[in-house]
Amino acid sequence: MPRIVAIDYGTKRTGLAVTDPMKIIATPLETVHSSKLIEFLKTYDLSEGIESFVVGMPKTLKNIESENARHVHIMIKHLKKAFPEKEVFLVDERFTSSIALDAMLAGGMSKKNRRDKSNVDKISATIILQSFLEMKK
């Protein structure tokens with residue numbers, strides 16, 4: 001069964017999360033270099049199948065898109081070009097990094113692993129995806 005993939009896009013690194021086949025639970029997938037994102041997703045789609053994408057949209061506290069949003073919009077154009085048949089949903093990603101850090105701390109992750117920004121990116125993508133799944137209920 002195809003899965004839903006969440007993308008926490010950054011200009012250097014991109015955190016990815018994925019649903020289980022039943023689309024109930026979000027789990028961290030990988031952190032990839034942003035320049036290799038589309039290539040990674042194509043390979044993943046061939047092996048596991050992707051139903052749709054959920055992309056975190058960076059916003060300010062005033063609920064307007066932040067400066068980083070323009071990079072996300074460019075990535076979405078590339079994503080839609082590479083996967084024209086797949087739907088792309090946008091989710092507000094405010095506070096996901098701080099929530100991810102709190103979750104890492106609460107989960108007992110070591111200080112060394114908490115400093116690894118790729119872990120924060122994957123967990124942020126997982127939070128984005130889980131919030132999307134909860135909104136769909």
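Just so you know, these numbers come straight off a predicted model, no measurement behind them. In what follows, every heavy atom counts, from backbone to side chain, and hydrogens, waters and symmetry copies are set aside.
- A distance of 10.5 Å separates CG in L16 from CG in L129, rounded to the nearest 0.5 Å.
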Inset, instruction - Check the pair D8 / I123 against side-chain contact (heavy atoms from CB on, under 4.5 Å), numbers first and verdict last. - result: CA-CA 9 Å; D8 182 25; I123 294 172; over 6 Å; no

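- When all heavy atoms of T126 and A26 are compared, the closest pair comes out as CG2-O, 3.5 Å.
- Atom NZ of residue K122 and atom OG1 of residue T14 lie 13.5 Å apart, to the nearest 0.5 angstrom.
- Residues passing the ring pair (Phe, Tyr, Trp, His ring centres under 6.0 Å) test with F89 are F132, sequence neighbours excluded.
- Contact check for R13 versus V32: no side-chain heavy atoms found under the 4.5 Å cut-off.
- Under the rule for a side-chain contact (heavy atoms from CB on, under 4.5 Å), the partners of T27 that lie at least two apart in sequence or sit in another chain are V18, I25.
- Contact check on K59 versus D92 returns no salt bridge, with no Lys/Arg side-chain nitrogen under 4.0 Å from an Asp/Glu carboxylate oxygen.
- Identified under the salt bridge (charged side-chain N to carboxylate O under 4.0 Å, His left out) test for residues 77-88, with sequence neighbours left out: D45-K86.
- Minimum heavy-atom separation, F40 to L29: CE2-CD2, 3.9 Å.
- The two residues A125 and A6 make their nearest non-hydrogen contact at O-CB, 3.4 Å.
- Taking Ile, Leu, Val, Met, Phe, Trp and Tyr as members and joining any whose side-chain heavy atoms lie under 4.5 Å apart, directly or through other members, L46 forms no hydrophobic cluster with any other residue.
- Atom NE2 of residue H78 and atom CD1 of residue I76 lie 11.0 Å apart, to the nearest 0.5 angstrom.
- Taking CD1 of I7 as the reference point, atom CG of D121 lies at 13.0 Å (rounded to 0.5 Å).
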Donor-acceptor pairs are to be reported for all side-chain atoms of residues 48-58 against protein atoms at under 3.5 Å, with residues two or more places apart or in another chain.
unit_1	atom_1	unit_2	atom_2	d
E51	OE1	K23	NZ	3.2

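- From M135, atom CE reaches atom CD of Q130 across 11.0 Å, with rounding to the nearest 0.5 Å.
- Hydrophobic clustering (ILVMFWY, side-chain heavy atoms < 4.5 Å, transitive): I74 and I38 are in distinct clusters.
- Take S47 and apply the side-chain hydrogen bond (donor to acceptor under 3.5 Å, both in side chains) test, not counting sequence neighbours, and it matches no residue.
- The two residues R3 and Y44 come nearest to each other via the heavy atoms CD-OH, 3.3 Å.
- Considering only heavy atoms from C-beta on, S34 stays 4.5 Å or farther from T11 through its side chain.
- For the atom pair M1 CE and T19 OG1, the distance stands at 9.5 Å (nearest 0.5 Å).
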